[in-house]
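All of these numbers come straight from a predicted model, not from anything done at the bench. This chain uses plain numbering: 1 for the first residue, then up along the sequence.
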Amino acid sequence: EAGKVFVKDLSATGAECKVASDESGMATGKSVVHITPDGARTMITSLGAAVHFGPDDLDEEMIKSAKILFIEGYLWDLMNGQQLVEKAAKIAHDNDVKVAFLLSDSLCVDRYRKYFLEFIENSIDILFCKERELIRLLSESDITAAIKKIMGRCEILAITGSDKGSIVVSNDVHMIEPKAGVTVVDTTGAGDMYTAGFLYGYLKEHPHDVCGKIANELASEILSHVGARPEKDLKELVKNVTG
């Protein structure tokens with residue numbers, strides 16, 4: 001039932017959701033999210049049927065027709081996650097598709113540090129992460145040292161710093177101020193919305209600092225209420241930045 005709801009809701013946004021229904025195997029994954037008064041969230045997740053998603057399940061034509069392939073670090077937790085990711089990235093690069101990568105979680109970084117570093121070095125164009133994730137990935141003491149260590153390994157680096165805003169590193173370093181007056185209610189989905197906003201701006205060929213401002217604007221909307229789905233018109237929020 002959860003899978004059917006997921007497909008229906010995703011399709012209603014206008015996204016193409018090519019997912020077949022199968023009631024003979026494991027159930028769709030679920031996640032219980034606990035939110036503390038400061039807005040921080042802890043997720044307890046059962047991957048369910050997703051744990052079996054592997055290289056043979058990739059839609060190669062969909063990847064070839066894309067402009068950007070987006071990959072999350074969590075995919076390494078699947079049974080054949082590394083093979084899945086490596087195959088998808090190769091298909092993308094062979095067809096001039098950019099590859100964007102989100103580190104996902106500090107514990108995920110700890111589990112797969114060696115593989116993440118190799119993947120970033122060999123396959124990534126755009127890297128998204130939190131400050132603490134990048135520091136842990138590179139075993140550095142602060143974010144400045146971590147940025148210096150990773151510069152040149154990817155085309156664009158976008159780092160979120162919670163209430164400190166974000167940093168976008170490409171040819172230049174752009175410090176993106178946080179949106180003023182935002183009360184953090186729930187951080188669930190804020191990183192994903194930041195990533196989505198940045199990639200939207202990138203596809204619209206906005207300067208990288210503007211991409212960061214769009215990302216901050218959209219992430220701030222998610223932070224302001226409980227739940228990971230926006231309650232305001234995202235197109236209007238983008239106009240606040242781009243005019």
Are N240 and E217 close enough, and set up right, to give a side-chain contact (heavy atoms from CB on, under 4.5 Å), and what steps lead you there?
CA-CA 8 Å; N240 291 343; E217 181 79 15; 3.1 Å; yes

Can you list everything that forms a side chain to side chain contact (heavy atoms under 4.5 Å, CB included) with A40? Sequence neighbours excluded, please.
T36, D38

Look at K148 together with E140 and state whether they make a salt bridge at an N to O cut-off of under 4.0 Å.
no

Set of residues satisfying side chain to side chain contact (heavy atoms under 4.5 Å, CB included) with respect to A219, sequence neighbours excluded
Y194

Under the side chain to side chain donor-acceptor pair (under 3.5 Å) rule, collect the residues that match up with D172, sequence neighbours excluded.
none

Residue pair H208 / S170, side-chain donor-acceptor N/O under 3.5 Å
yes

Contacts of D142 meeting side chain to side chain donor-acceptor pair (under 3.5 Å) (sequence neighbours excluded), chain-then-number -> none

Lys/Arg N to Asp/Glu carboxylate O, E236 vs K239, below 4.0 Å
yes

Spacing of L69 atom CG and I91 atom CD1 [to the nearest 0.5 Å]:
8.5 Å

I'd like a table of donor-acceptor pairs (distance under 3.5 Å, sequence neighbours excluded) in which one partner is a side-chain atom from residues 47-60, with atom names and distances.
unit_1 : atom_1 : unit_2 : atom_2 : d
D57    : OD2    : G54    : N      : 2.9
D59    : OD1    : E61    : N      : 3.3
D59    : OD1    : M62    : N      : 3.1
D59    : OD2    : K18    : NZ     : 3.0

Hey, mind stepping through F128 and F101 against ring pair (Phe, Tyr, Trp, His ring centres under 6.0 Å) and telling me if it holds?
CA-CA 6 Å; F128 295 95; F101 180 43; 9.9 Å; no

Got a list of side-chain donor-acceptor pairs under 3.5 Å for residues 71-81, not counting sequence neighbours?
unit_1 : atom_1 : unit_2 : atom_2 : d
D77    : OD1    : R111   : NE     : 3.3
D77    : OD1    : R111   : NH2    : 3.4
D77    : OD1    : Y112   : OH     : 2.5
D77    : OD2    : R111   : NH2    : 3.0

Salt-bridge criterion met for E221 and K232 (N-O under 4.0 Å):
no

What I want to find out is whether D9 reaches R229 closely enough, with some N-O distance under 4.0 Å, to be called a salt bridge.
yes

More than 12 non-hydrogen atoms from neighbouring residues, nucleotides or ligands closer than 6.0 Å to CG on N171, yes or no?
no

Between L223 and I167, is there a shared hydrophobic cluster once you connect ILVMFWY residues whose side-chain heavy atoms come closer than 4.5 Å?
no

Taking only Lys NZ, Arg NE, NH1 and NH2, and the carboxylate oxygens of Asp or Glu, determine whether E86 and K90 approach each other closer than 4.0 Å.
no

Would a distance-only check, ignoring hydrogens and angles, find a side-chain to backbone donor-acceptor pair under 3.5 Å from D125 to K98?
no

NZ/NE/NH1/NH2 to OD/OE distance under 4.0 Å, R136 and E131:
no

